[in-house]
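Quick notes on the structure that follows.
Because the structure is predicted, anything quoted here is derived from the model rather than measured.
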Amino acid sequence: GYNYLTFDNNENIEKAIKHCPPVTYLPIKIAQAISNGKVSLVDKRTDEELKRDVNDYLGLLQRPNYSQNRNQFITQLSVNTMLYSHVVCVRPLAFGFTQSDSLWALPPEHVVIQWKTTKLYNSIYSVNEMDLVEQIKFDGKIIPKEQCFIVKDLNRFSNSNIIPESRLKYLTSVINNLSVNLKARGKMMNSPMGILSQTAEGNNATGI
């Protein structure tokens, strides 16, 4: 009853996370290291570190929302970008306000992005990928896309994707083999086929 996972959709990625613990081990370790590093504001066009307005951004990052601190937020962001290739972040704006004081990284398994186009060659002249988004749903409800932005993994793009592919896609064979082995081990541990007994010579032997 085992299905071969290809990691080209969130459902397969969720199964890998659930049934194959090694999948999340390395991303978590990397994310923990990143979360303890220095954070700076950089101009993406020139790679120059910016000094102006930096306190506004870093101040928000120290306490992005009421349930997370800086390290928890960065760890969540790093792990999910490695596993899912991208994360939708939202700065919810209350009615009547012009500025938001919270920042959330939405769990990818609950987010659906509907694109205006799914082809990279139709979007290469766009300034921002948010211009290519038709709508974003979180838990089935549409959220204002003007309050959202997408954080992407540094992994390579395929020729037809606007956002990168999951890093798991390139480990398909390894993860599938690990999943099969872990499931088999779990089945044997939960319903053993026999008992282990000791022979007269003191060696372990299997008894049926």
As an exercise, state the distance from [atom1] of [X] to [atom2] of [Y], rounded to the nearest 0.5 Å.
X	Y	atom1	atom2	result
Ile28	Met82	CD1	CE	9.0 Å
Asn80	Ser166	CG	OG	10.5 Å
Ser102	Gln68	OG	CD	11.0 Å
His86	Leu77	NE2	CG	12.0 Å
Asn12	Thr172	CG	OG1	9.0 Å

- Message: For residues Val88 and Met130: do they belong to one hydrophobic cluster (side chain heavy atoms under 4.5 Å, members Ile, Leu, Val, Met, Phe, Trp, Tyr)?
- Response: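 Looking at the clustering, Met130 is in the same group as Val88.
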
- Identify whether Leu132 and Ile163 are in the same connected component of the hydrophobic contact network (ILVMFWY, side-chain heavy atoms under 4.5 Å).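 In one cluster: yes.
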
Give every donor-acceptor pair under 3.5 Å between a side-chain atom in residues 135-143 and any protein atom, sequence neighbours left out.
unit_1, atom_1, unit_2, atom_2, d
Gln135, NE2, Gln114, OE1, 3.0
Asp139, OD1, His110, ND1, 3.1

- Query: Are side-chain heavy atoms of Ile17 and Tyr84 found at a separation under 4.5 Å?
  - Reply: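 They are in side-chain contact.
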
- Query: Are Glu146 and Arg91 ion-paired here, with the side-chain N under 4.0 Å from a carboxylate O?
  - Reply: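 Salt bridge: no.
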
- Task: May I ask you to say whether Lys145 pairs ionically with Glu134, meaning some side-chain N is under 4.0 Å from a carboxylate O?
- Result: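 Glu134 and Lys145: not salt-bridged.
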
- Listed by chain and number, what are the salt bridge (Lys or Arg N to Asp or Glu O under 4.0 Å) partners of Arg167, not counting sequence neighbours?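 By the salt bridge (Lys or Arg N to Asp or Glu O under 4.0 Å) rule, Arg167 matches Asp153.
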
- Apply side chain to side chain contact (heavy atoms under 4.5 Å, CB included) to Phe149 and Leu103, showing your working. CA-CA 11 Å; Phe149 61 93; Leu103 175 63; 3.7 Å; yes

- What is the minimum heavy-atom distance between Asn10 and Val111, and which atoms define it?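 In this case the closest contact between Asn10 and Val111 is ND2-O, 4.1 Å.
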
- Task: Please lay out, stage by stage, how Ile113 and Ile150 fare under the test side chain to side chain contact (heavy atoms under 4.5 Å, CB included).
- Result: CA-CA 10 Å; Ile113 302 176; Ile150 299 174; 4.1 Å; yes

